[in-house]
Amino acid sequence: MADRWALAPAEDGGVEIAPLGPAGLPAGPVLREADLAAAVRGRPEVTRWVWRSTSEVYPRLLATGVRVERCYDIEDAETLLLGHEGRYGEPRSAAAALARLRGGPVPPDPPLRSAEPGSQSSLFEPQAVHLPLADLAEVYAEQQRRHDRTAHPERMRLLTAAESAGMLVATEMNRSGLPWSADVHRQVLHELLGERYAGGGEPRRLAELADEVSAAFGRRVRPDLPADVIKAFAQAGIRIGSTRRWEIESIDHPAVKPLIEYKKLYRIRVAHGWSWLQDWVRDGRFRPEFLAGGTVTGRWVTNGGGALQIPKVIRRAVVADPGWRLVVADADQMEPRVLAAISRDPGLMEVAGREGDLYQSVSDRAFSGDRAQAKLAVLGAVYGQTSGDGLKNLAALRRRFPRAVAYVDDAARAGEEGRLVRTWLGRTCPPAVTADDDAAEEAGIPAVEDEAAGQEWVPGYASTNARARGRFARNFVVQGSAADWALLLLAALRKACADMAAELVFFQHDEVIVHCPEKEAEAVVTAIREAADLAGRLTFGETPVRFPFTTAVVECYADAK
DNA sequence: CGTCCACGCGCC
DNA sequence: AAAGGGCGCGTGGACG
């Protein structure tokens, strides 16, 4: 594979490059060049660049207009390989990997840094340890051998390749940004919240609602302070455990209606209000920092700006450039389709082999009619629901789709027992950890108690914490395998758009937005459909399961739903 | 002054 | 219909 080259930026601003041989080691002399972008631009025949960290290299390339076809991110692969090997939490830098390889002292990872609003900073400190190309290649070659030692080497290779592709997409999206009309945004805020008073007071509508809440209680109440609201309800003879909306909603009291309205609008103001606009929108673009593989399940996260939680009403501000369109594509019932593909349940595969409404089909087969109940039951099975109607219908689900339910039940049991579970491609859920494991705690992994070790698993008799781990693992295999598939989809779509003006500008778990000239829109719609099919085949192999998308060609994001 | 945490809620 | 999985983030209050 002479088209695979390694690349290592040097301290002095130059770069080392070398072609790699079949084993992953340099197949020729290491070349030194003064200019990173020129070195890459001058070698269009290279189809995969192997480097330490995409966030170190790729923003610099994009800044000079250089895109690459593929890459291999060594530190990202290290994270996935460590996880697969059950060594989650060990330092994942290339320097640490080299130290493990040579038996030296393993350096801890550099500390994380959060982004400033509007900055283009990467997650890791810029002074992260550089490795000479020869060392980097040594780590890479060993990683190739570690792929071979996994249960499904071809899947693991696909996973690390897909994650690297995701990092290219994320970096490109960080650069392009999401088209955003500040004028429309301000107009929406004005319609919802009313005028802003000078001097930093609440906008008119919020002030009015706060007054209505106070009037209903007969005393001054700050609706944004949960403790104050709980006290006010208590004085009115109503005891509540929290001020969460679902708990407040059912209460019969005149303060409830304005209170809920206040909370909704307050949320908009603090999370996506005028100061958000000031901080995050520049030159007609919202530029959050997308981080591919930011979670253990493989879902992406964004750093700053709350890009994955844009309220529906605010989406009116996402507006295509003049003459351009947004192609908004949403995968239909992604999670049950993924469950069908990974469990190979015959009944569910048959249902998921059609493009129609999957929940209606499940309902027709299992519950004679009610689509909403079918959806609840399926999601309940995936999330590990413990009570309610979903549980009642779970029994029917189990009868009709036994292998599918058994698949997530097995994952839940493994999680409760502290064993590893993996996605279809081999992304691995962290094992049970002790309560003082900071890295796992940070990642939200429920801790295991000491006394749980060695106990036999009995359904329904696990400790609260063990059950939480079970639900985590149960969800992990589906959500994570869905993330695997979504990465392959993004990679295929990116490739299809490479020769167009079209740009991927947004990605949210099962939804992608492409910004393109109006005349390219139909080609993009086709590309999405083809990418979905290709991703399904690549990820899960031969499967009857289909992955249809709902696509809309719009000028405004809000018009897509 | 800063850091940390619970809360609550937006999205999937 | 019920409160189960994954996140980010602004706020207020506790604490140092």
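Only a predicted model underlies this, so the values are computations on that prediction, with no experimental measurement involved. By convention in this document, chain letters (A, B, ...) are assigned in the order of the sequence lines, proteins followed by strands, and residues within each chain are numbered from 1.
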Please list, pair by pair, any protein nitrogen or oxygen found under 3.5 Å from a nitrogen or oxygen in nucleotides 12-15 of chain C.
none

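One N or O on the side chain of A/Thr428 and one on the backbone of A/Gly426 form a donor-acceptor pair closer than 3.5 Å.
For the ring-ring contact (aromatic ring centres under 6.0 Å, His included) test, no residue two or more places apart in sequence or in another chain qualifies with A/His84. Not counting sequence neighbours, A/Arg403 has no partner by the salt bridge (Lys or Arg N to Asp or Glu O under 4.0 Å) test. In this structure A/Tyr359 satisfies the ring-ring contact (aromatic ring centres under 6.0 Å, His included) test with no other residue, sequence neighbours excluded. With sequence neighbours excluded, the residues that form a salt bridge (Lys or Arg N to Asp or Glu O under 4.0 Å) with A/Arg186 are A/Asp183.
Within 4.0 Å (heavy atoms only), A/Gly294 reaches no atom of the nucleic acid at all.
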Report summary line: Nucleotide by nucleotide, nucleotides 7-12 of chain B touches protein heavy atoms under 4.0 Å in the pattern (B base, S sugar-phosphate only, - none) -BBBBB

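Between A/Trp276 and A/His185, the gap from one ring centroid to the other is short of 6.0 Å. Aromatic ring centroids of A/Phe506 and A/Phe286 lie 6.0 Å or more apart. A ring-centre distance under 6.0 Å is not found for A/Trp485 and A/Phe540.
Atom CH2 of A/Trp280 and atom P of C/dG10 are 8 Å apart (whole Å). For the pair A/Arg427 CZ and C/dG5 P, the interatomic distance rounds to 20 Å; values are reported in whole Å. If you measure from atom CD of A/Glu416 to atom P of C/dG4, you get 15 Å, rounded to the nearest angstrom. Straight-line distance from the CZ atom of A/Phe476 to the P atom of C/dG6: 11 Å, rounded to whole Å. One interatomic measurement links the two molecules: CD of A/Glu289 to P of C/dG8, which rounds to 12 Å at whole-angstrom precision. Rounded to an integer number of Å, the gap from CZ of A/Arg371 to P of C/dA1 is 15 Å. In this entry the distance linking CG of A/Asp279 with C1' of C/dG8 reads 15 Å, nearest Å. Note: CG (A/Leu206) to P (C/dT11) measures 12 Å, nearest angstrom.
Both A/Thr302 and A/Glu249 lie near DNA chain C, and the one whose nearest nucleotide falls closer to the 5' end is A/Glu249. Each of A/Thr297 and A/Gly305 was matched to the nucleotide of DNA chain C holding its nearest heavy atom; the match closer to the 5' end belongs to A/Thr297.
Under a cutoff of 6.0 Å and an axis angle of 45°, A/Arg155 and A/Trp424 form a cation-pi pair.
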